[in-house]
Protein chains: 2
Amino acid sequence: MSRIRIKDIAQLANVSAGTVDRVIHGRSGVSDATRKRIENILEEYDYQPDILAGTLASGKSYRMLVCMPEVVYAHEFWKFPEEGVRRALDEIAHFDVSVEYLRFDQHNKRDFCHKTDGLQIGDYDGVLFAPVFRDESVKFIARCHTVGVPCILFNSRVEGVEFDGFIGQDAWQSAYLGGKLMDYGLSAGRDLLILNLSLRTDNYQHITKREHGFRAYFEEHSDRVDHLVSLNLSGGDYAVIADALDRKMGELNVAGIFVTNSRVHLAARYLAEHGTMNIRLIGYDLMKESIGYLRREYIDFLISQSPEEQAYLGLRHLFTGVVLKKEYPHEVLMPIDILTKENIDHYLNFNHPNEQPE
Amino acid sequence: MSRIRIKDIAQLANVSAGTVDRVIHGRSGVSDATRKRIENILEEYDYQPDILAGTLASGKSYRMLVCMPEVVYAHEFWKFPEEGVRRALDEIAHFDVSVEYLRFDQHNKRDFCHKTDGLQIGDYDGVLFAPVFRDESVKFIARCHTVGVPCILFNSRVEGVEFDGFIGQDAWQSAYLGGKLMDYGLSAGRDLLILNLSLRTDNYQHITKREHGFRAYFEEHSDRVDHLVSLNLSGGDYAVIADALDRKMGELNVAGIFVTNSRVHLAARYLAEHGTMNIRLIGYDLMKESIGYLRREYIDFLISQSPEEQAYLGLRHLFTGVVLKKEYPHEVLMPIDILTKENIDHYLNFNHPNEQPE
DNA sequence: TATACTTTCGTGTGCGCACACGATCATTAT
DNA sequence: ATAATGATCGTGTGCGCACACGAAAGTATA
């Protein structure tokens, strides 16, 4: 009563196993008549190949490429996906799957081009890609397509080109939630600050969508706030940010600050240095510095997009498609995780069990 | 440069593959001298068996038992773990792993005893168990132990007996977080209600820990609240609950209600029927009714313990231990998920992609 | 010494599949 | 007519391992 094998199919069709094998793999050398007959039987008995025996016999090995920004101190963020890749690899390593990284400087277009231009994409069986530069990413994804290598995107999407899968977060909705958390329990009629602290215009779409989402909340609850002011500071320097904040805090009656990316810890530092705990602060991601301020309640909420989980899923999807040759979801939107002082530890323990809390 | 095989080890040790095989499996029939020699070589070359070839050759199949309360309308909660089991099974089915369910009436001790007493636990290779009745569960777990079948618990823990793994949530901390969410932005000096709506004393420990956690928050922030009143209602009837609430609402100046389990939708119904939206309501789990009230903002926050993910991990851990014969974490505490009207949809989509939102 | 028994080990087979090779037969060219 | 060609299909081998069987050598018993 076990699963049906190639041998069984062959017997049912009065042919040899080799012929069935040819049909299954779409190889030539089978007459149309027998091919149809075998296909029908395969269908009828719902033949499912034994993947274990298959990979064992084929001896094939799979190389996946993970292409994403390099981990540098200022962008610790990119160490998280590695954890997810590691976890996925742990689960699928039996199938002779290996991963190679291609890391690029996310502030240097030319670095990305230089590193990808010479790349033999055809050497790989799948690509997991975190796009940063719009046009260059489009070109890269198109190149994957021409050589027939599936390319799954994570973290951010790229418009204008077909991709084989996407795993990310609904940026607009995450910030709309940020609006709710900012508003929750706040007395009406005060001012809020939206702080865009991009180092460059990378992930620009993300940032914009977040600002829109946050504003959308307060457009739907227009009575809740007097002024909703954006402050865009593209420089990285804390002093600049502090200066700008000084000025705004003087002009407005600020009740809360929403930082549209992971650099929320800079705003937290400002609040900490000025000893102001009664200004709400909400931002993104689990930078080490941010976690410290969250624990000391200078940051009220951090919104996480689970970068580990994104990369984990990305690699799993590649595996599903390439090795198992099965369908996988074309688009996955991650849950929008809300983190506070009270649940951050369990979150970190769960997602990074190997790291020691400080 | 491929991985080292049994054959290679055999050659290195000047023995046949059969002998190496005996050493690896700890079978008898090898002299102490050669055994030592082979063990050293295995160690030195860090031999890792090819699981695929192993399971293919052994032809073994694995039967897992999932023992948990049956899904009835009033406890829709228990349909979630099934989703996680299904997902895990999808991933490991290649290894000839199958799952059987043993579902019991969680309000009927005798039903549990009756169904487990005749059970041949030895027929299974692993057990995933959601304990409800304390003493009976201890007995059941002990029985697994005597026949050498690993037993992993999820959802709630059982004291007084050794188990092979646990996956659950920190009940105390989840309610401490509930306290924070209740308190957040609330003006000081009002009253809060803790509502225990257990149908029975099942999961009693859970409930108690949650009450303690919630109270602990306000003991640490004692200036934030005047009265913190518990209301225990073990009956299931809405009318009874409404009556009791009517009385309490008269006595106190209630600003918020914390329901210690999934029956928070009953309190939400009360608020909805009385048209009171300015009372905060926080509870647990993703009952369909509760989600409706969350969407209409009668419930402010739901705390989720990811029952799917718990069961998913449980089965994966069993697989890791039984099939891969590797270590797995003895205890996993789930992240404490915060759900609001604004992020519930993405959460549901991610965890239950097959269900249609209403 | 001959026999029975035990310890120690090598050999062989098969798991289900992928793939190379060769066999068979009909068809076409010479 | 034979030879050559191509289409169609069967057979065999091996992937790395688990496990049964039996061989060889040593040990005990009569």
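In what follows, chains carry the letters A, B, and so on, assigned in the order in which the sequence lines appear, proteins first and then strands, with residues in each chain numbered from 1. In this text the structure is predicted, and so the values were computed from the model without any measurement.
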Open item on the list: Heavy atoms within less than 4.0 Å of DNA chain D: which residues of residues 6-29 of chain A have one? Give them sorted by number.
Closed with: A/N14, A/V15, A/S16, A/G18, A/T19, A/R22, A/G29
Task: Check: A/E83 and A/Y312 side chains under 4.5 Å, non-hydrogen atoms - done: no
- [ ] Using atom CZ of B/F95 as one end and atom C1' of D/dC17 as the other, report the distance to the nearest whole Å.
- [x] 14 Å
TODO: Kindly calculate the angle separating the two end axes of the helix from C/dT1-D/dA30 to C/dT30-D/dA1, each obtained from five base pairs, and round it to 10 degrees.
DONE: 70°
TODO: Please state how far atom CG in A/L52 lies from atom C1' in D/dA18, giving the value in whole angstrom units.
DONE: 15 Å
Task: Whether B/F112 and B/F140 hold their rings parallel, tilted or perpendicular, with breakpoints at 30° and 60° - done: perpendicular
Open item on the list: Does either side chain, that of B/Y124 or that of B/S98, offer a donor lying less than 3.5 Å from an acceptor on the other one?
Closed with: no
- [ ] With sequence neighbours left out, write down each residue that passes ring pair (Phe, Tyr, Trp, His ring centres under 6.0 Å) with A/F95, or none if nothing qualifies.
- [x] A/F319
- [ ] Using the closest heavy atom to pick a nucleotide of DNA chain C for each, name whichever of A/R5 or A/K60 lands nearer the 5' end.
- [x] A/R5
Task: Partner residues of B/H330 under the side chain to side chain contact (heavy atoms under 4.5 Å, CB included) criterion, sequence neighbours left out - done: B/F163
Open item on the list: Would you say A/Y62 and A/T55 are linked by a side-chain donor-acceptor pair, where the criterion is simply a distance under 3.5 Å?
Closed with: no
- [ ] Please list all pairs passing the salt bridge (Lys or Arg N to Asp or Glu O under 4.0 Å) test where one or both residues lie in residues 317-327 of chain B, with sequence neighbours left out.
- [x] none
Task: Among D/dC17, C/dC19, C/dC17, the nucleotide that comes nearest once only the side chain of B/A57 is considered - done: D/dC17
Open item on the list: Can you tell whether the side chains of A/R87 and A/E308 come within less than 4.0 Å, N to carboxylate O?
Closed with: no
- [ ] Answer yes or no: is there a side-chain heavy-atom contact under 4.5 Å between A/L333 and A/E331?
- [x] yes
- [ ] Please list, by residue number, the residues of residues 31-51 of chain B whose heavy atoms come closer than 4.0 Å to an atom of DNA chain D; answer none if no residue qualifies.
- [x] B/Y47, B/P49, B/D50
Task: Salt-bridge present (B/E82, B/R103; N to O < 4.0 Å) - done: yes
